[in-house]
Amino acid sequence: MSNPDELLVAISAAVESERSNQMSLTVVVGGAVITGRLAPEAVWRERVAEVLKDSDRLGPFSDVFARGSRGNRSGHDEAPTHLHFHLARILQGSLGIPETGGMYRVAIKDVSAWTVGDLIHFDQ
C-alpha cells in the first residue's frame, strides 16, 4: 500500500501500547500470506535477541536486537511503521512454514490485504 491503512496502523499502535501478544492477524505482502500473532516491537526484539544469543554463528547479532532501534519512537508520538509477528507462518499450499512459527517484521506500507485472525490449514 502506498498509503498505510489507518486501521492497520491503529491495530499496531494498540498492540504497542498494551504490550500484548494476543492479536492474531493475517496479511498479504508481496504475494506471500503471513499469519500469526502480533507482538509489541520491544517484546519481539527481546525474543529475537534471545534466539540469536544461543547461536554460535549468530550470537554477535543479538546485541543489535537487544539495544533497540535508533529511530525508536520517543513517547510513542509517531505511528508504528511495522508489524511484528511471532508464532507466525508463511502459508504455502497446505503448509505453514515454519511449522512451529517464526518471527517476522513486516512494513505496514507493504501490506496489500489483511484480516483479523490466524489462518490454520488442515490436511483432509
Side-chain angles (χ1 to χ4, degrees):
M1 293 182 171
S2 57
N3 293 320
D5 184 316
E6 291 177 18
L7 187 53
L8 194 52
V9 171
I11 289 169
S12 181
V15 169
E16 288 294 329
S17 68
E18 297 293 324
R19 293 191 55 88
S20 170
N21 63 357
Q22 298 305 305
M23 181 60 175
S24 295
L25 196 70
T26 300
V27 298
V28 178
V29 180
V33 177
I34 300 173
T35 188
R37 281 195 270 161
L38 294 179
E41 181 176 2
V43 172
W44 183 86
R45 284 176 173 272
E46 288 171 17
R47 290 192 179 139
V48 172
E50 289 171 6
V51 170
L52 293 176
K53 185 182 264 187
D54 292 339
S55 169
D56 291 336
R57 292 180 305 165
L58 302 176
F61 292 99
S62 69
D63 289 342
V64 172
F65 291 89
R67 67 176 173 244
S69 66
R70 289 188 179 146
N72 202 7
R73 298 186 321 270
S74 59
H76 301 287
D77 291 339
E78 295 179 26
T81 58
H82 291 78
L83 301 169
H84 295 87
F85 285 92
H86 78 112
L87 301 175
R89 297 171 313 281
I90 297 174
L91 300 182
Q92 178 73 34
S94 62
L95 298 174
I97 306 167
E99 284 185 23
T100 57
M103 306 289 283
Y104 298 101
R105 176 178 162 114
V106 174
I108 293 172
K109 69 178 180 64
D110 294 336
V111 174
S112 59
W114 62 274
T115 188
V116 172
D118 187 2
L119 299 181
I120 301 171
H121 275 98
F122 295 102
D123 287 331
Q124 295 183 356

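The structure presented is a predicted model; accordingly, all values stated were derived computationally and were not measured.
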Could you check R47 against V51 for side chain to side chain contact (heavy atoms under 4.5 Å, CB included), going step by step and ending with a plain yes or no?
-> CA-CA 6 Å; R47 290 192 179 139; V51 170; 5.8 Å; no

In Å and rounded to the nearest 0.5 Å, what is the [atom1] to [atom2] distance from [X] to [Y]?
{"X": "H86", "Y": "W44", "atom1": "NE2", "atom2": "CH2", "result": "12.0 Å"}
{"X": "R105", "Y": "T81", "atom1": "CZ", "atom2": "OG1", "result": "6.0 Å"}
{"X": "I11", "Y": "D5", "atom1": "CD1", "atom2": "CG", "result": "7.5 Å"}
{"X": "Q22", "Y": "L38", "atom1": "CD", "atom2": "CG", "result": "11.0 Å"}

Taking all heavy atoms of [X] and all of [Y], pick out the closest pair and write down the distance.
{"X": "R37", "Y": "S24", "value": "CG-OG, 3.5 Å"}
{"X": "G36", "Y": "D118", "value": "N-OD1, 3.6 Å"}
{"X": "S12", "Y": "H82", "value": "OG-O, 3.4 Å"}
{"X": "P80", "Y": "I108", "value": "O-CD1, 3.6 Å"}
{"X": "A88", "Y": "P98", "value": "O-CD, 4.1 Å"}
{"X": "R45", "Y": "V64", "value": "NH1-O, 3.7 Å"}

Would you say [X]'s side chain and [Y]'s backbone share a donor-acceptor pair under 3.5 angstrom?
{"X": "S62", "Y": "L52", "value": "no"}
{"X": "E41", "Y": "H84", "value": "no"}
{"X": "T26", "Y": "G117", "value": "yes"}

Verify same cluster id: L87, L25 (apolar side-chain graph, 4.5 Å) = no

side-chain contact (heavy atoms from CB on, under 4.5 Å) with W114: of L83, V28, L7, only one passes, and it is L7

